[in-house]
Amino acid sequence: MVYRIAVLKGDGIGPEIVDSALAVLHRIGEIYGHTFLFLECAIGGEAIDTVGVPLPQETVDCCLKSDSVLLGAVGGPKWDSLAGDQRPEKALLGIRAALGLYTNLRPAKLFPALRGASPLREDLINAGFDILIVRELTGGIYFGDRGYRTGKYGEEAFDTEAYSVTEIERIGRAAFEAAMKRSRRLTSVDKANVLETSRLWRKTMHRLAAEYPEVTYSDMFVDNAAMQLVRNPKQFDVIVTSNMFGDILSDEASQITGSIGMLASASLGGTTRGMYEPIHGSAPDIAGQNKANPIATVLSAAMMLRYSFGLGAEADCIEQAVDRVLEQGWRTADLAVNGGAPAQPILGCTEMTEKILKELSPAQ
Ligand code: IPM
Ligand code: MG
């Protein structure tokens, strides 16, 4: 089979980590007899510098013509002083909206080999945890009306959150379906004690819950969820929540796994075309120094194989290779920080990629 993948390397460490994932995909293609065609296009700061806008129409068209999209990261200090709608981050929101990717899957699981890197006490994590955060990605306050106006105290800025029943229903269904394929436990996170959007969210989720009697459903306020994630992460299976709450909780969940450098994500809509990206940012402080951890991007490529192309064995192969490399004690700098002295010398991005490539062999 031939798969056309739009490749948006972006800024900072984006190019290095995406190159690692492309090398892994290329090797998977050789092992399993697939052809992956990579179509590179500019996004974020890179696009601002070359064509003057963070999300060129050409890039959107290229993604729409592809079977799936792999993204590195966007943004950096160079573009921080630009107005809100011209910033690199705007491209990320824009491409998600243009491709209709309203479901964001952010798995946060504890890799046994990285247990020591988690900032949580051993007794809180010794049973492990495996959480899937389902974040609504194209609505809510990140997309609502915004602006400046004169208020009671003079100049003020505002952002608004709106959610339609349709938007809540489709993300809710995605979450219930995901829960059906896992431990069948779903927690919907909201702020229904304060926000009107959350009250509609909760009402809609309850209606859906009646359609999925096999799923054990519960509601939780977002402030409590933030606390519960560090108090007892094992209690969660699937979490479904709004765009902003999901943004925040997924960073928190990533930290308790030991490193944000490990976490992949999939953004999906109504078709098999998705966009896959690490959840960490562009890390401009270490860009171009061969220090980045490529694992989140490599695992994002694995998610692409599984969710967009239905290539489960190939995805398992990548995930197991990563597990083995970690079990052997290999670490990039971010993983070595909290995890005590690593058993092996610290690896750069290219060396870590080589270790993963070496471990790729058809899964048992
Ligand atoms: C993320 C990021 C983005 C978001 C930013 C960079 C726009 O934080 O993917 O979590 O808020 O969605
Ligand atoms: Mg974020």
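Both ligands and their constituent atoms are indexed starting at 1 by order of listing. Keep in mind the model is a prediction, meaning the values are calculated, not measured.
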* Structure fact -> Answer key: the N, O or S atom of D247 nearest to the Mg ion (ligand 2) is OD1
So does [X] pair up with [Y], basic N to acidic O under 4.0 Å?
{"X": "K191", "Y": "E196", "value": "no"}
{"X": "E161", "Y": "R146", "value": "no"}
{"X": "R324", "Y": "E327", "value": "no"}
{"X": "R202", "Y": "D190", "value": "yes"}

* With heavy atoms under 4.0 Å as the rule, classify the contact between R135 and ligand 1 as side chain, backbone, both or neither. => side chain
* **Proximity of H280 to ligand 1 by residue part, where a heavy atom lies under 4.0 Å** => neither
* Atoms in ligand 1 flagged as close to Y142, the criterion being non-hydrogen separation under 4.0 Å -> 11 (O)
* Asked: Is R199 reaching over with its side chain to a backbone N or O of A192, donor-acceptor style, under 3.5 angstrom?
  -> yes
Is the closest heavy-atom distance from [X] to ligand 1 below 4.0 Å?
{"X": "D247", "answer": "yes"}
{"X": "R87", "answer": "no"}
{"X": "R96", "answer": "yes"}

* **Metal proximity, D251 vs the Mg ion (ligand 2), N/O/S cut-off 2.8 Å** => no
* What is the closest protein heavy atom to atom 6 (C) of ligand 1, and at what distance does it sit? -> E89 CG, 3.7 Å
* Does any N/O atom on R106 come nearer than 3.5 Å to any N/O atom on ligand 1? -> yes
* Asked: Heavy atoms only: which of N104, L92, V74 is nearest to atom 5 (C) of ligand 1?
  -> L92
* Do Y217 and H206 make the cut of ring centroids closer than 6.0 angstrom? -> yes
* Asked: For L200 and M205, what are the C-alpha separation, side-chain angles and deciding distance, and is it a side-chain contact (heavy atoms from CB on, under 4.5 Å)?
  -> CA-CA 9 Å; L200 183 63; M205 288 295 167; over 6 Å; no
* Asked: So, D247 versus Y142: side-chain donor-acceptor pair below 3.5 Å or not?
  -> yes
